[in-house]
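All remarks here apply to the structure that follows.
In listed order, ligands and their atoms are each counted from 1.
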Amino acid sequence: MTTEDIPDSTLAPPDVIFQNINFSVRATYNVFSDKRKTILHNINGEFRAGELTAIVGPSGSGKTTLLHILAGYKKNFCGSVLINDIDRFSSPEKSCYIMQEDCLHPLLKVVEIMTICAHLKLGDNYSNNAKSLRVKKILESIGLGTVLNTLTGNLSGGQRKRLGIALELIDNPPIMFFDEPTSGLDSSSTKQCVAMLRNLARQNRAVICTLHQPSATVVEMFDHLYCLSNGRCCYAGDPVRVSDFVKVTGLECPPYHNPADFLLEVVGGEFGDYNSLLMSQIENGRVHTWRKIIPEWASPEQLSDEGEKVTTPDIPLIVNLDKTLSRTSLRSDSEFNASFCNQLSTLLKRCCLVTMRDKFHMYSRLVMHLIIGVLIGTFFFGMGDDAGRVFNNFSLFFFSTLFLAFSALQSTVISFPLEVPIIRKEYFNRWYSVGAYYLANTLADLPIQMGCAMFYCSSVYWMSGQPREFTRFVMFTFICTIVSLLAQSIGYFVGSSMRVMNGVMFGPLFIMPWVMMSGYFIQKRDAPGWSQPFFTMSYLRHGMEGLAASIYGYARLPLPCITEDYCHLRAPTKILKELDMVDINYSINVLVILGIYLFFKILTYFVLVYQLRVKR
Ligand SMILES: Nc1ncnc2c1ncn2[C@@H]1O[C@H](COP(=O)(O)OP(=O)(O)OP(=O)(O)O)[C@@H](O)[C@H]1O
């Protein structure tokens, strides 16, 4: 299959029509108050295919909110959004939403991130060759052909924005939403960016962006200007007719003044309050008489300043306009084009690539565990084989479980939330399912977390003089590993539920209460009756019991008495009795820890689904 075999169209050119959009949010954090603040007030509009639309307005006027509603990012609004007369959420038309932040993995090369995206977005129906041809074609046409092997973290701001667009062009969505695509760009890059967006629109796409303070030249590159003020529409029409429209207020746009700036000054109240008048003239977006009658399209080169080269992506035009023939194989019946297995394997490769490139993070985790292991091994040197120091050895068990739990929890609580914006963008643009991402992420990190626990145990176990038996070493290491995996799964739960700062504050709450029930400070038999179930649930206690079982259980011979003249606790059974661990069962400890691990894994999955699907 060649690149030409990958269809470039979906349905007929899409017009986005919205009617009576009303959107409000809770105005107070007081849960007992239902006071609401209305952000959009029954606004209307029509953004057509083939046109480049700018949503402008003073800061806080509701531009981003409107864009989120049109893109499907916000769902809890009143009114209707129609795409070719079909409700936005039932429409088969694909759209993409390119956020202001780039949300790119900085450690992936341009060509790698594009190829991964092609595998995910184009699914199983196309050959690798066809996908790679399409990737190259898009990158070259968008002006990124020379930076194929550059890490995305090293790209310039303009290149990162173009890469964000290139990624979404892979499955050729007919509707594209951009939140402030020109923010952070200089004037030349801004013009290039807008010329590129206009060229995309010319290929029968509806391209809709929010803009902040556009220059006169930039505004004129747009086909349609939609101006908001305090959540109401004050103008919808041709950017060059703004000055004529504003005349209804009796104000005159000064010569050589940017008409868009003038409109923003008027709606911003610099000359008095004319908003109601403007809104009634345009009927809150219902009037279309100010629209541009689109002439023969100017070539994109004409849009730039003299002598300035504008990047003009040459992505094939959408030609299939026949509604009956228009549904292409790019749109599968399921939500995603790639199968779950394909998503999983592609994401697994991506996770491994990112992990391998992030050498500092990976090695520092492993080396830190090794260094702490050696330090603790030196501190508790030889104590495991001395009946006179049984309680010191028990302290080692406690330290080991606590250290492994804390290090796994904290590193995840800090690192996972950084990934969430990337997942949010990619999931929203239908790259993959939450399940595929979550499983790939879990599997990719498993060897490193296990490596950390093993590095720690390998030094601590032998240096602290535990029994020279391989089976006991494996049992000891296994318990330490699953305790650290469990703490890591709690870290994922905390990291997916709250921001980094809150996570760092609340994360330890998931460990500290269980420390009291670990059996180290107070033994279960001495604890008050109400706390007994908590001892049963304490994963730290099960960790400690598992370690005690692997060291003192399974018919271990009496310990030598080295540092004392008389050792009361030489027999392992006596030691376990003294520690209130007579009835311990290693298998049950393992099962309980794995059960709690699974519980948090599943819980995190639902939190992620909620965060990505419901709460936007
Ligand atoms: N979840 C929310 N809770 C409370 N107020 C909100 C919420 N979301 C938006 N707002 C308010 O709604 C108004 C419009 O916000 P929005 O982000 O859409 O404005 P904007 O026009 O995009 O502004 P800017 O140009 O500064 O980005 C602002 O006053 C904002 O504070």
Side-chain angles (χ1 to χ4, degrees), residues 16 18 20-45 47 53-79 81 88 97-103 157 161 176-185 190 193-194 207-215 218-219 222 224-236 239 258 260-270 275 278-279 282 284-285 420-421 424-425 428 497-499 502 610-616:
V16 181
F18 52 100
N20 298 318
I21 298 290
N22 207 59
F23 181 76
S24 60
V25 289
R26 289 181 77 94
T28 163
Y29 284 115
N30 180 354
V31 284
F32 301 109
S33 161
D34 59 355
K35 213 171 140 199
R36 298 187 76 80
K37 170 182 172 186
T38 303
I39 294 172
L40 297 176
H41 301 261
N42 292 314
I43 56 170
N44 303 271
F47 300 157
T53 299
I55 304 175
V56 295
S59 183
S61 56
K63 303 181 292 291
T64 308
T65 307
L66 174 61
L67 195 78
H68 281 177
I69 289 173
L70 299 180
Y73 205 67
K74 278 192 186 348
K75 293 181 177 171
N76 50 341
F77 61 92
C78 299
V81 179
R88 201 238 171 285
Y97 175 38
I98 293 153
M99 299 169 185
Q100 202 174 336
E101 308 78 35
D102 306 305
C103 298
K161 287 213 183 292
M176 301 183 88
F177 297 96
F178 293 84
D179 191 12
E180 310 236 357
T182 57
S183 72
L185 299 185
T190 297
C193 178
V194 176
V207 179
I208 300 150
C209 348
T210 57
L211 277 192
H212 221 95
Q213 296 226 304
S215 70
V218 167
V219 166
F222 281 83
H224 190 61
L225 194 68
Y226 190 89
C227 179
L228 282 172
S229 177
N230 291 326
R232 293 178 176 88
C233 175
C234 290
Y235 180 68
N258 175 3
D261 273 351
F262 185 62
L263 178 65
L264 293 183
E265 285 161 15
V266 174
V267 299
E270 283 195 25
N275 282 355
L278 293 175
M279 192 192 88
I282 207 79
N284 213 1
V420 172
R424 195 182 288 280
K425 178 199 88 168
F428 182 70
S497 323
M498 51 189 91
R499 280 178 289 170
N502 296 342
Y610 173 75
Q611 296 276 15
L612 300 177
R613 242 188 243 172
V614 186
K615 189 180 157 206
R616 283 177 183 162

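Not counting sequence neighbours, the partners of Asn230 by the side chain to side chain contact (heavy atoms under 4.5 Å, CB included) test are Arg232, Asn275. With sequence neighbours excluded, the residues forming a ring pair (Phe, Tyr, Trp, His ring centres under 6.0 Å) with Phe262 are Phe271, listed by chain and number.
Between Ala236 and His224, the shortest heavy-atom contact is C-CE1, 3.7 Å.
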Identify all side-chain donor-acceptor contacts of residues 56-63 below 3.5 Å with residues at least two apart in sequence or on another chain.
{"residue": "Ser61", "atom": "OG", "partner": "Pro58", "partner atom": "O", "Å": "2.7"}
{"residue": "Lys63", "atom": "NZ", "partner": "Gly57", "partner atom": "O", "Å": "3.0"}
{"residue": "Lys63", "atom": "NZ", "partner": "Pro58", "partner atom": "O", "Å": "3.2"}

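Residues with a heavy atom under 4.0 Å from ligand 1: Val25, Lys37, Ile39, Pro58, Ser59, Gly60, Ser61, Gly62, Lys63, Thr64, Thr65, His212.
Remark: Arg499 CZ is loosely packed, at most 12 non-hydrogen atoms of other residues, nucleotides or ligands lying under 6.0 Å away.
Ring centers of Phe177 and Phe428: at least 6.0 Å apart, outside the cut-off.
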